[in-house]
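In what follows, chains carry the letters A, B, and so on, assigned in the order in which the sequence lines appear, proteins first and then strands, with residues in each chain numbered from 1.
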2 protein chains.
Amino acid sequence: MTGDDDRATSCDDDRTTIHVEPDPRLALETVRSGIEDGALVVVFGRCRVEYEGRAASELGPGDRLVVLKPDGTALVHTDEGQQPVNWQPPGSSHEASLVEGELRIESRRESPTERLSIRFETIRQLSTFDAADGSELALVGTEADLRERILEEPGLIEEGFRPLATERDTAAGAVDVYGEDDRGRTVIVELKRRRVGPDAAGQLRRYVDAVERELHADATVRGILVAPSVTDRAGRLLERHGLEFVALEPTM
Amino acid sequence: MTGDDDRATSCDDDRTTIHVEPDPRLALETVRSGIEDGALVVVFGRCRVEYEGRAASELGPGDRLVVLKPDGTALVHTDEGQQPVNWQPPGSSHEASLVEGELRIESRRESPTERLSIRFETIRQLSTFDAADGSELALVGTEADLRERILEEPGLIEEGFRPLATERDTAAGAVDVYGEDDRGRTVIVELKRRRVGPDAAGQLRRYVDAVERELHADATVRGILVAPSVTDRAGRLLERHGLEFVALEPTM
DNA sequence: AAGTCGATATCGCCA
DNA sequence: TGGCGATGTCGACTT
């Protein structure tokens with residue numbers, strides 16, 4: 001059973017189950033057991049998919065990879081694209097059944113009510129895995145890293161800038177970095193880890209407006225957008241509203 | 001070879017290859033062939049992952065499902081979450097190699113330069129699939145559907161509303177629906193398929209500002225946000241800037 | 001290639 | 001649970 005041309009159809013041990021072209025009855029049993037046991041269930045085959053919930057969709061027949069996770073996630077992947085063509089978020093409940101002799105996998109959740117239904121014409125392969133992942137992702141180069149960089153070296157914003165608070169609350173939301181310049185004027189800093197468009201300029205504008213209303217009307221509030229770069233349109237928006245830009249990247 | 005307790009280790013036909021706990025050399029050969037042939041490659045095993053590009057990340061050992069797509073997509077899925085813990089977008093180039101006797105899969109792309117490296121301590125299963133998907137997703141309930149609904153029945157916005165253009169260009173971007181009310185005043189409509197926050201109010205505000213500057217200064221420009229509902233803060237933002245809200249949902 | 005914005009966005013944090 | 005904003009957002013469309 002080790003040759004390249006073998007026609008293996010089944011394998012089952014403590015941690016892994018595999019079936020090649022299983023009949024629907026065996027597939028049903030295996031998927032049900034996998035869901036029950038908290039396994040990662042992976043099915044590849046020709047299927048149709050329906051979704052109804054926040055929106056509604058229909059997907060005709062095609063070969064797809066379906067993944068059911070023990071946390072209630074369901075993914076339907078085609079041979080293209082990073083995003084699944086259909087999915088169900090974590091917290092959903094998966095259920096398998098036979099409909100007209102075909103395997104159907106349904107995943108539901110409430111609030112909002114959503115239903116995903118996958119029906120297999122053919123099953124080329126079905127696997128279940130007992131998966132254990134003890135490691136956490138360590139990511140650098142985020143907006144939080146940019147903030148730390150500025151707090152450690154406030155002069156990167158400008159000579160004499162003094163940070164007073166992070167996530168300072170305003171009527172418009174929490175300001176990334178709140179401080180004052182060398183002349184005692186209030187400074188609102190909005191951080192972006194990458195090149196920004198008009199939305200970020202609008203966000204900074206809302207914060208500055210809110211703080212200006214909050215302080216006495218004659219106070220000068222400066223708004224500084226800190227990002228690697230800005231688009232033309234965002235730059236004009238900043239200029240129009242008296243906001244400033246400082247080019248800076250997150251450390252990595 | 002059909003019993004549940006069989007110990008199959010290999011299967012290979014025209015459209016599918018499967019190996020259970022393959023040795024690294026066989027795994028290398030299979031992954032390389034799969035990439036070369038434009039197959040969907042699926043690996044489950046204990047691995048470590050490194051990423052460097054727009055940001056940088058490290059992920060320690062754990063059981064994960066790795067998917068390589070023929071369009072250059074790479075996905076690393078843990079047993080939790082809808083999103084992959086690491087990934088590479090479509091257009092990347094996958095490459096397999098042996099490093100210190102272990103299978104390593106690397107995926108790279110340029111512009112921006114990004115590199116994803118996956119190294120397997122153990123491989124529990126390795127499959128390649130010849131996948132064909134002829135169907136397109138048909139989705140309803142999007143913002144485009146909401147726009148169609150309004151164009152067919154403009155009175156949903158208000159009595160006497162007349163749409164004149166969609167995606168009308170302004171200095172601030174394209175307005176969803178541009179029209180006028182029963183008194184001939186310009187109306188800017190911004191559509192959202194779901195409950196909106198401050199960002200959408202800011203977006204509408206930018207469009208109205210731009211059109212007011214574009215038209216003669218004394219022209220009255222109304223801004224209407226159309227969505228199922230608004231948050232408190234967004235509602236206050238609309239009110240403060242003289243913008244209006246109409247509750248409406250996309251059809252499904 | 002870059003800009004802009006939608007998305008069944010998802011995710012994490014915090015009230 | 002809802003609000004809010006970040007994301008290695010992705011993806012589609014336009015310039």
What is the nucleic acid contact for Pro89(B), judged by heavy atoms within less than 4.0 Å: base, sugar-phosphate only, or nothing?
base
Counting any heavy atom closer than 4.0 Å, what does Gln88(B) reach on the DNA or RNA strands: base, sugar-phosphate only, or nothing?
base
May I ask you to test the Leu68(B)-Thr73(B) pair for a side-chain heavy-atom distance under 4.5 Å?
no
Candidate nucleotides dG3(D), dG11(D), dT10(C), ranked by approach to the side chain of Trp87(A) - the nearest:
dT10(C)
Would you say Thr142(A) reaches dG8(D)'s phosphate, i.e. side-chain N/O to OP1/OP2 under 4.0 Å?
no
Pick the P atom in dG11(D) and in dC11(C), then give their distance to the nearest Å.
15 Å
Select from Gly81(A) and Glu114(B) the residue whose nearest nucleotide in DNA chain D is closer to the 5' end of that strand.
Glu114(B)
Does any non-hydrogen side-chain atom of Val246(B) lie less than 4.5 Å from one of Val226(B)?
yes
Quick check on dA6(D): is either OP1 or OP2 less than 4.0 Å from any side-chain nitrogen or oxygen of Gln203(A)?
yes
Please determine, by modelled atom types, if Lys69(B) and His94(B) share a side-chain donor-acceptor pair under 3.5 angstrom.
no
Quick one: is Tyr51(A) getting a side-chain N or O under 4.0 Å of the dA7(C) phosphate, OP1 or OP2?
no
When you get a sec, tell me which of dT4(C), dA9(C), dC5(C) is the closest nucleotide to the side chain of Arg193(B)?
dA9(C)
Which part of the nucleic acid does Ala172(B) contact within heavy-atom distance under 4.0 Å: base, sugar-phosphate only, or nothing?
sugar-phosphate
Give one of base, sugar-phosphate or nothing for Asn86(A), where a contact means two heavy atoms less than 4.0 Å apart.
base
For Ala144(B) and Arg236(A), take the nucleotide of DNA chain C holding the closest heavy atom to each; which residue's nucleotide lies nearer the 5' end?
Arg236(A)
Does a side-chain N or O from Ser57(A) land closer than 4.0 Å to OP1 or OP2 of dT8(C), or not?
no
Hey, does the side chain of Tyr207(B) come within less than 4.0 Å of dC5(C)'s phosphate (OP1/OP2), counting only N and O?
yes
Which of these passes side chain to side chain contact (heavy atoms under 4.5 Å, CB included) with Leu146(B): Leu151(B), Leu156(B), Leu248(B)?
Leu248(B)
Kindly point out which of dT4(C), dT10(C), dG8(D) is positioned nearest to the side chain of Arg233(A)?
dT4(C)
Under 4.5 Å between any side-chain heavy atoms of Tyr51(A) and Arg115(A), yes or no?
no
Look at the side chain of Glu143(B) and the base of dG6(C), then say whether one donor and one acceptor between them are separated by less than 3.5 Å.
no
Nearest-nucleotide wise, let me know which of Leu191(B) and Arg195(A) is further upstream toward the 5' end of DNA chain C.
Arg195(A)
Nearest-angstrom distance, P atom, dC4(D) to dG8(D)
23 Å
Distance, rounded to the nearest Å, where Arg194(B) contributes CZ and dG6(C) contributes P:
12 Å
When you compare dT8(C) with dT4(C), how far apart are their P atoms, in angstrom units rounded to a whole number?
23 Å
Reckon Pro198(A) touches a base, only the sugar-phosphate, or nothing at all at heavy-atom distances under 4.0 Å?
sugar-phosphate
Between Arg54(A) and dT10(C), does any side-chain N or O lie under 4.0 Å from OP1 or OP2?
yes
Hey, does Tyr207(B) have a side-chain heavy atom less than 4.5 Å from the side chain of Glu190(B)?
yes
Ser111(A) near the nucleic acid: base, sugar-phosphate alone, or nothing, with a heavy-atom cut-off under 4.0 Å?
sugar-phosphate
Determine whether a donor-acceptor pair (one donor, one acceptor, N or O, separation below 3.5 Å) exists between the side chain of Glu80(A) and the base of dG11(D).
no
Which of dA6(D), dC10(D), dT10(C) is nearest the side chain of Gln82(B)? It is dT10(C)
